[in-house]
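To keep things clear, I will list the structure first and then write my remarks on it.
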Amino acid sequence: MSDITIRNNPARLRFEVLDGGTAVGQAAYVDDGATHRIFYHTVIEDGYGGQGLAGRLAAHALDETVAAGLKIVPVCPYIKKYLGKHARYEAMIQKPTPALLAVLKEALEQHVRR
């Protein structure tokens, strides 16, 4: 696990956990083009579970989101759970609204059409 890195891959709209350059986990998001980042899916590959990588990924993704001045919109169950245990993000959380969920739905539909 010495080659583990975490980075934002804005071209793929996700934060990635990399093992020697190979993606082994991700926290997928959609930005609304204004002030919100909607996190909708977090996953770590089975062989990498139990190593704390999801928590490291969430912390990196949320810290970078806050540093960019974006509000965190938790749709993903893991991100919701993480936020519930880490009060330092409380001021930057925006509960999902119908308008933000519509942004997410549209973005996912466009992705499927590609």
Side-chain angles (χ1 to χ4, degrees):
M1 198 165 94
S2 61
D3 287 341
I4 296 293
T5 57
I6 299 173
R7 70 169 184 199
N8 186 5
N9 184 344
R12 301 205 58 197
L13 296 175
R14 67 187 195 181
F15 287 88
E16 300 171 329
V17 176
L18 304 170
D19 183 0
T22 301
V24 298
Q26 67 173 302
Y29 65 85
V30 170
D31 289 342
D32 71 350
T35 58
H36 299 91
R37 178 163 288 159
I38 307 163
F39 287 94
Y40 67 91
H41 181 66
T42 302
V43 64
I44 300 292
E45 288 188 14
D46 288 339
Y48 290 85
Q51 300 177 41
L53 294 177
R56 287 176 53 194
L57 173 61
H60 183 98
L62 298 173
D63 288 345
E64 191 170 311
T65 297
V66 169
L70 298 172
K71 291 277 193 176
I72 300 162
V73 182
V75 175
C76 165
Y78 184 82
I79 295 295
K80 283 183 191 178
K81 181 179 173 183
Y82 187 90
L83 289 168
K85 294 179 179 180
H86 296 86
R88 72 180 183 265
Y89 300 107
E90 190 172 334
M92 293 302 290
I93 298 171
Q94 167 65 55
K95 290 186 179 185
T97 64
L100 290 168
L101 293 174
V103 168
L104 175 60
K105 181 180 179 198
E106 177 63 24
L108 294 176
E109 287 173 353
Q110 286 179 9
H111 178 73
V112 169
R113 286 186 226 137
R114 289 186 207 174

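Worth saying up front: this structure is predicted, and the values here are computed from it rather than measured.
- Phe15 has its ring centre less than 6.0 Å from the ring centre of Tyr29.
- Shortest non-hydrogen contact noted between Phe39 and Ala61 is CE2-CB, 3.8 Å.
- Here salt bridge (Lys or Arg N to Asp or Glu O under 4.0 Å) pairs that include residues 21-46, with residues two or more places apart or in two chains, are Asp31-Arg37.
- Here Tyr82 pairs with His86 under the ring pair (Phe, Tyr, Trp, His ring centres under 6.0 Å) rule; sequence neighbours left out.
- Counting non-hydrogen atoms of other residues, nucleotides and ligands closer than 6.0 Å to CZ of Arg12 gives a total of 12 or fewer.
- Taken to the nearest 0.5 Å, the NE2 atom of His36 stands 12.0 Å off from the OG1 atom of Thr65.
- The heavy-atom pair separating Tyr78 from Ala58 by the smallest distance is CE2-CB, 3.9 Å.
- Within the 4.5 Å cutoff, the side chain of Arg7 has no heavy atoms near those of the Val17 side chain.
- Judged by distance alone, with hydrogens and angles left aside, the side-chain atoms of Lys105 form no donor-acceptor pair with the main-chain N or O of Leu100 at under 3.5 Å.
- Contact check for Leu70 versus Val66: no side-chain heavy atoms found under the 4.5 Å cut-off.
- The side chain to side chain contact (heavy atoms under 4.5 Å, CB included) test applied to Pro98 returns no partner, not counting sequence neighbours.
- Between Leu83 atom CG and Ile72 atom CD1 the span is 5.5 Å, to the nearest 0.5 Å.
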